[in-house]
Amino acid sequence: MTKKESKNDDNFMEKIVSLAKRRGFIFQSSEIYGGINSIYDYGPLGVLLKNNLKKAWLKEMVQLNDNVVGLDSGILMHPKIWEASGHLEGFSDPLVDCKSCKKRFRADHLLEAEGLKPDFRPSEFKKHDLKCPECDGELTDVRDFNLMFKTFMGALESKTSEIYLRPETAQGIYVNFQNVFNSMKVKIPFGVAQIGKAFRNEITPGNFVFRMREFEQMEMQFFVHPKDADKWFKTWQERRMAWYLSLGMDKKKLKFRDHKKDELVHYAKQATDIEYDFPFQDRELEGIHNRSDFDLTQHEKHSKQDLKVNDLEAKEKYIPYIIETSGGCDRATLAFLIDAYTEVETRSGDKDAKHETEVVLKLHKDLAPIKVAILPLSKKLDKEARQVYDMLKTERMCDYDVTGSIGKRYRRHDEIGTPYCLTFDFDSLEDKKVTVRDRDTMKQDRVAIEELSDYFRERFNQ
Ligand code: GAP
């Protein structure tokens, strides 16, 4: 069965969700209590995969760029930030409720489903006289529902102690703009990159980790002279696309989508999404935005601090424009899982396997949670095989697996995307060599134990 056919299955997402649970990648949060909607936990292999993804992003954005530095700001910030950023007023979804069945819907989704322009101003919405898609009941007027989670800081639960969980990591960078500029040897153009949790009380969460209420973002804010904004917007668009491709994502499944003027969010002057062809309707993987001087101007106004830069080269004092690249760790993790998922004819030799096909997760080597699996052919070889494991695990993430038939162990490692399986057999005791199987080519090499480190260093490029 080819990769394409298997992904067109109606139940393809079920296969991904089931694999993610069965093999310890992603679990429904609070499952023993019946679960909590749209929150997920990363299991032992999921956390390795997601951390590898974050490492690859930080390498691309910070390590390989002289002019991008890192930051880790708080999740809770001064509530005035959200007033300045426009989130208190503008970060909302337009909602309607059904007066009969009490179900809640996003007004823009209802209009879209009818092929109408998503103009949800109450007067416009009323004109269409839409009914509840579930029970045909009457709908309420459109109301704005703010997506920010609110909590209280300190002992008092009052209006003055209200505080929000950040809905994007970006603002933590803007309010530290001066600190970074003054403490580091940076000059315009330069960027600040940050990975961290963000929270949104999404009305229509779903599609597994695609749309959650607690998720993680990888954002980079690039500060430029206003006249260079268009050039940098284009540059970052291309570089971000190249990053997904460099980690093996299928080029045919990726594309850019420019936002039309009437769909731009309140801070954006121009926006493009990098879209992945997910097996459901939503597509956005990452957004690249020209935020103009909107954010820093707003923070200057609300904080009464001077946030202009004195650009000695341009001999000008100005508020820089911001080009933002904003990706989701969870969406990227899901896209890489989907992209890597491949069904092949049975190949592991696992006699207990109930299906005619097996799953191979063809993850890029940099992303694979386990890099090398050490599989002794018999429990009697435990001591010597473990010595090989002890040596290799100091260099990269390895797994030592001695239980079950060798076929079963191969199948497990194919399913979790382990690029190399190494078998230690009885001959290994004599010739001091092991057999290394390549996940993708199925080629087997007989390699001297003392040469294993070099062998893998060459293949992992590190
Ligand atoms: N700072 C700009 C910003 O936050 P966004 O388009 O709202 O822009 C950026 O979000 C990225 O964050 C999205 O492309 C997506 O990858 C991720 N993201 C947003 N909401 C999400 C959610 N509810 N669950 C998972 N990922 C989400």
Side-chain angles (χ1 to χ4, degrees), residues 26 29 36-42 46 50 53-54 57 71 73 75 77 81-82 84-87 90-93 106 145-149 164-175 191-222 233 236-237 240-241 243-244 249 254-259 263-276 278 280 282-292 294-296 298 322-338:
I26 303 172
S29 172
I36 174 164
N37 194 6
S38 77
I39 314 273
Y40 289 91
D41 298 338
Y42 285 76
K50 199 172 166 198
L53 184 84
K54 293 194 262 185
W57 186 84
L71 186 85
S73 67
I75 286 172
M77 293 192 279
I81 288 175
W82 308 113
S85 71
H87 282 83
F91 195 58
S92 51
D93 277 345
R106 269 178 62 169
F145 178 85
N146 197 292
L147 300 182
M148 283 197 294
F149 277 101
Y164 300 90
L165 304 189
R166 65 180 178 199
E168 61 169 8
T169 62
Q171 299 300 326
I173 295 180
Y174 306 149
V175 297
V192 182
Q194 151 157 254
I195 297 178
K197 289 261 176 153
F199 303 81
R200 294 182 191 176
N201 198 2
E202 299 276 5
I203 309 308
T204 48
N207 290 325
F208 199 30
V209 296
F210 182 87
R211 193 178 303 284
M212 297 193 283
R213 294 198 168 109
E214 174 180 343
F215 57 98
E216 217 167 356
Q217 289 187 314
M218 311 183 280
E219 295 199 306
M220 195 277 303
Q221 314 297 323
F222 203 70
F233 183 74
W236 280 112
Q237 223 178 310
R240 292 306 304 141
M241 178 65 97
W243 182 74
Y244 289 103
M249 206 175 263
L254 286 164
K255 68 175 170 73
F256 288 117
R257 190 184 72 82
D258 294 336
H259 283 214
E263 63 171 316
L264 288 172
V265 271
H266 66 275
Y267 53 74
K269 194 166 171 249
Q270 195 183 359
T272 302
D273 288 342
I274 295 180
E275 293 193 337
Y276 179 78
F278 286 102
F280 41 79
D282 279 331
R283 296 277 186 268
E284 178 188 336
L285 191 56
E286 168 156 350
I288 294 106
H289 311 125
N290 175 353
R291 296 180 72 132
S292 72
F294 174 82
D295 301 276
L296 289 184
Q298 284 295 103
I322 293 167
I323 305 301
E324 167 182 69
T325 71
S326 176
C329 299
D330 311 279
R331 276 189 201 178
T333 302
L334 178 61
F336 278 113
L337 274 177
I338 289 172

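Indexing begins at 1, ligand by ligand and atom by atom, following the structure's order. The structure presented is a predicted model; accordingly, all values stated were derived computationally and were not measured.
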Fill in the blank from the handout: Candidates Ala170, Cys329, Ser326; heavy atom nearest atom 3 (C) of ligand 1 found on Ser326
Fill in the blank from the handout: Out of Phe215, Phe91, Tyr276, the nearest non-hydrogen contact to atom 27 (C) of ligand 1 is supplied by Phe215
What is the closest protein heavy atom to [atom], and at what distance does it sit?
atom	value
atom 13 (C) of ligand 1	Glu284 OE2, 3.2 Å
atom 25 (C) of ligand 1	Phe210 O, 3.1 Å
atom 17 (C) of ligand 1	Gly328 CA, 3.8 Å
atom 7 (O) of ligand 1	Arg200 NH1, 2.8 Å
atom 15 (C) of ligand 1	Arg331 NH1, 3.4 Å
atom 8 (O) of ligand 1	Tyr267 OH, 3.5 Å

Practice task
Could you pull out the closest heavy-atom pair between Pro167 and Gln217, with the gap in Å?
Solution key: O-OE1, 4.4 Å
Exercise for the section: Before giving the answer on salt bridge (Lys or Arg N to Asp or Glu O under 4.0 Å), spell out for Asp273 and Arg283 the whole-Å C-alpha distance, their side-chain angles and the decisive distance to 0.1 Å. Expected result: CA-CA 9 Å; Asp273 288 342; Arg283 296 277 186 268; over 6 Å; no
Return all side-chain donor-acceptor pairs below 3.5 angstrom for residues 327-336, not counting sequence neighbours, or 'none' if the list is empty.
from, atom 1, to, atom 2, distance (Å)
Asp330, OD1, Tyr42, OH, 2.6
Asp330, OD1, Lys50, NZ, 3.3
Asp330, OD2, Glu216, N, 2.8
Arg331, NE, Phe210, O, 2.8
Arg331, NH1, Glu284, O, 2.9
Arg331, NH2, Phe210, O, 3.3
Thr333, OG1, Cys329, O, 2.6

Problem - Any donor-acceptor N or O pair under 3.5 Å, side chains Asp258, Thr272 - result: yes
Exercise for the section: Taking atom types as modelled, find out whether Gln194 and Glu219 have a side-chain donor-acceptor pair closer than 3.5 angstrom. Expected result: no
Practice task
Answer yes or no for Arg166 and Tyr164: cation-pi contact, defined as NZ/CZ to six-membered ring centre under 6.0 Å and angle to ring axis within 45°.
Solution key: no
Problem - Residue part near ligand 1, for Glu219, under 4.0 Å between non-hydrogen atoms - result: side chain
